[in-house]
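Read the numbers this way: they start at 1 and go in the same order the structure lists the ligands and their atoms.
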Amino acid sequence: MNFHTRKWVKPEDLNPNGSLFGGSLLRWIDEEAAIYAIVQLENPKVVTKYMSEINFVSSAKQGDIIELGITATAFGTTSITMCCEVRNKITRKSILTIDKIVFVNINDYGDPTPHGKTKIKYIDEQFEDLGN
Ligand SMILES: CCCCCCCCCCCCCCCC(=O)SCCNC(=O)CCNC(=O)[C@H](O)C(C)(C)COP(=O)(O)OP(=O)(O)OC[C@H]1O[C@@H](n2cnc3c(N)ncnc32)[C@H](O)[C@@H]1OP(=O)(O)O
């Protein structure tokens, strides 16, 4: 899994216990998964359909640097399924895992539409396409 995005836990991200607010983390994950799905499906119109159980493994605190990792696990006809892990950038300790996040490729009317993708496209392949 590639950990593309790093976040610095700031005072505005904290819950009353002084640790990272779960809602902030989920917002960052939804955004990260949306960007991943847009890039993979090459369509800016995608919506979150489903998230499986969210396991908050350990907490993060103010000043921690955390990193978000997303990878595709399955390509359906109109959907893409991903898994996610968030960990501490320095200690590599796991903070959260989600086994299954499903995004659906939609058309201008908001209806599911086939994306035609079957496998992960890596960054270097995307640059190769641009160069050719
Ligand atoms: C480089 C370019 C830069 C561009 C720059 C732009 C930046 C701009 C960023 C914007 C980024 C926006 C990111 C928004 C992220 C949200 O926040 S979206 C908001 C929250 N989500 C929603 O509102 C969605 C509401 N739900 C719906 O509208 C409808 O349920 C949907 C999603 C259209 C699906 O409709 P449906 O009738 O349920 O569809 P259905 O045909 O039954 O199923 C579709 C697929 O979902 C699967 N599915 C259905 N139910 C489930 C389930 N419970 N579990 C798992 N899979 C399921 C089906 O198996 C099917 O998959 P395939 O077999 O086709 O692969």
Side-chain angles (χ1 to χ4, degrees):
M1 183 178 294
N2 289 319
F3 290 81
H4 286 298
T5 296
R6 295 151 190 191
K7 292 276 186 187
W8 184 28
V9 179
K10 301 199 188 82
E12 60 266 31
D13 305 318
L14 302 181
N15 62 31
N17 300 325
S19 61
L20 175 59
F21 185 54
S24 301
L25 188 51
L26 291 176
R27 182 163 56 81
W28 296 340
I29 290 166
D30 196 29
E31 195 175 303
E32 183 74 6
I35 293 167
Y36 186 97
I38 287 168
V39 170
Q40 290 298 324
L41 303 183
E42 297 182 279
N43 178 14
K45 290 193 172 62
V46 296
V47 285
T48 318
K49 176 65 190 173
Y50 174 84
M51 272 195 199
S52 69
E53 296 87 2
I54 298 158
N55 185 357
F56 287 95
V57 181
S58 66
S59 58
K61 60 182 192 315
Q62 186 178 336
D64 282 352
I65 297 166
I66 64 170
E67 52 186 6
L68 279 61
I70 304 261
T71 196
T73 53
F75 288 82
T77 305
T78 65
S79 69
I80 179 171
T81 303
M82 297 159 273
C83 64
C84 171
E85 181 176 10
V86 178
R87 67 186 185 186
N88 183 298
K89 167 86 186 126
I90 310 298
T91 64
R92 302 280 166 97
K93 188 173 178 188
S94 186
I95 293 168
L96 168 148
T97 58
I98 306 176
D99 287 341
K100 210 172 160 186
I101 303 175
V102 178
F103 270 68
V104 173
N105 193 61
I106 55 167
N107 61 19
D108 288 342
Y109 306 102
D111 303 319
T113 191
H115 50 62
K117 310 291 181 196
T118 54
K119 65 178 179 67
I120 297 177
K121 193 163 193 182
Y122 293 97
I123 299 273
D124 48 352
E125 294 175 60
Q126 285 162 357
F127 281 119
E128 269 170 33
D129 289 352
L130 287 174
N132 292 331

task = Looking only at protein heavy atoms, identify the closest one to atom 10 (C) of ligand 1 and say how far it is in Å.
result = Ile38 CD1, 4.2 Å
request  = Using distance alone, determine whether Ser79 and ligand 1 share an N or O pair under 3.5 Å.
outcome  = yes
key: ligand 1 atoms in contact with Asp30 (distance to a heavy atom under 4.0 Å)   = 17 (O)
query = Is the backbone N or O of Gly69 less than 3.5 Å from a side-chain atom of Tyr36, with the two atoms forming a donor-acceptor pair by type?
reply = no
task = Around atom 53 (N) of ligand 1, find the nearest protein heavy atom and jot down its residue, atom name and distance.
result = Tyr50 CD1, 3.8 Å
task = Report the C-alpha separation of Glu85 and Phe3 in whole Å, then their side-chain angles, then the decisive distance to 0.1 Å, and conclude whether the side chain to side chain contact (heavy atoms under 4.5 Å, CB included) test is met.
result = CA-CA 9 Å; Glu85 181 176 10; Phe3 290 81; 4.1 Å; yes
key: Shortest protein heavy-atom distance from atom 13 (C) of ligand 1, along with the residue and atom involved   = Ala34 CB, 3.5 Å
task = Compare Ala74, Pro112, Ser52 and give the one whose heavy atom is closest to atom 36 (P) of ligand 1.
result = Pro112
remark   = Out of Asn105, Asn107, Ile80, Val102, the nearest non-hydrogen contact to atom 55 (C) of ligand 1 is supplied by Val102
query = Counting only heavy atoms on the protein side, is anything nearer than 4.0 Å to atom 28 (O) of ligand 1?
reply = no
remark   = So CD of Glu42 and NZ of Lys121: to nearest 0.5 Å the spacing works out to 4.5 Å
request  = Specify the protein heavy atom at minimum distance from atom 32 (C) of ligand 1: its residue, its atom name, and the distance to 0.1 Å.
outcome  = Val47 CG2, 3.5 Å
query = Hey, is atom 62 (P) of ligand 1 under 4.0 Å from any protein heavy atom?
reply = yes
message = Show me which atoms of ligand 1 lie under 4.0 Å from any heavy atom of Pro44.
response = 4 (C)
Non-hydrogen protein atom less than 4.0 angstrom from atom 19 (C) of ligand 1 = no
message = Within the 4.0 Å heavy-atom shell around Thr77, which atoms of ligand 1 are there?
response = 62 (P), 64 (O), 65 (O)
task = Using salt bridge (Lys or Arg N to Asp or Glu O under 4.0 Å) as the criterion, list what pairs up with Lys45, not counting sequence neighbours.
result = Asp108
ask   = Does the pair Asp13/Lys10 count as a salt bridge with the N-to-O cut at 4.0 Å?
value = no
request  = Check whether any protein heavy atom sits under 4.0 Å from atom 45 (C) of ligand 1.
outcome  = yes
request  = Using a strict cut-off of 4.0 Å, indicate which atoms of ligand 1 neighbour a heavy atom of Gly76.
outcome  = 65 (O)
Interfacing atoms of ligand 1 (cut-off 4.0 Å, heavy-atom, Gly110) = 33 (C)
ask   = Rounded to the nearest 0.5 Å, how far does CG of Asp30 lie from CD1 of Ile98?
value = 9.0 Å
message = Using only atom types and a distance under 3.5 Å, with no angle test, would you say the side chain of His4 pairs donor to acceptor with the backbone of Leu68?
response = no
request  = For Thr48 and ligand 1, answer yes if some heavy atom of the residue is under 4.0 Å from a ligand atom, otherwise no.
outcome  = yes
query = Of His115, Arg27, Lys49, Lys45, which has the heavy atom at the shortest distance from atom 51 (C) of ligand 1?
reply = Lys49
query = Any sub-3.5 Å donor-acceptor pair from Asn105's side-chain atoms to Thr78's backbone N or O?
reply = no
key: Exercise check, heavy-atom protein proximity under 4.0 Å to atom 2 (C) of ligand 1   = yes
ask   = Quick one: does Asn17's side chain have a donor or acceptor within less than 3.5 Å of a partner on Ser19's backbone?
value = no
Ile106 and its side chain to side chain contact (heavy atoms under 4.5 Å, CB included) partner, picked from Asn43, Asp111, Val47, Val46 = Val47
inquiry  = Checking Ile66 against Leu25 for the side chain to side chain contact (heavy atoms under 4.5 Å, CB included) test, could you report, in this order, the C-alpha distance in whole Å, the side-chain angles of both residues, the deciding distance, and whether it holds?
reply    = CA-CA 10 Å; Ile66 64 170; Leu25 188 51; 3.9 Å; yes
query = So which heavy atom in the protein is nearest atom 64 (O) of ligand 1, and how far is it from that ligand atom?
reply = Thr78 OG1, 2.6 Å
message = Quick check: do Thr5 and Trp28 have side-chain heavy atoms less than 4.5 Å from each other?
response = no
inquiry  = Considering non-hydrogen atoms of the protein only, which is the closest contact for atom 12 (C) of ligand 1, and what is the distance?
reply    = Val46 O, 4.0 Å
task = Using atom types as modelled and distance alone, determine if a side-chain donor or acceptor of His115 lies under 3.5 Å from a backbone N or O of Gly76.
result = yes
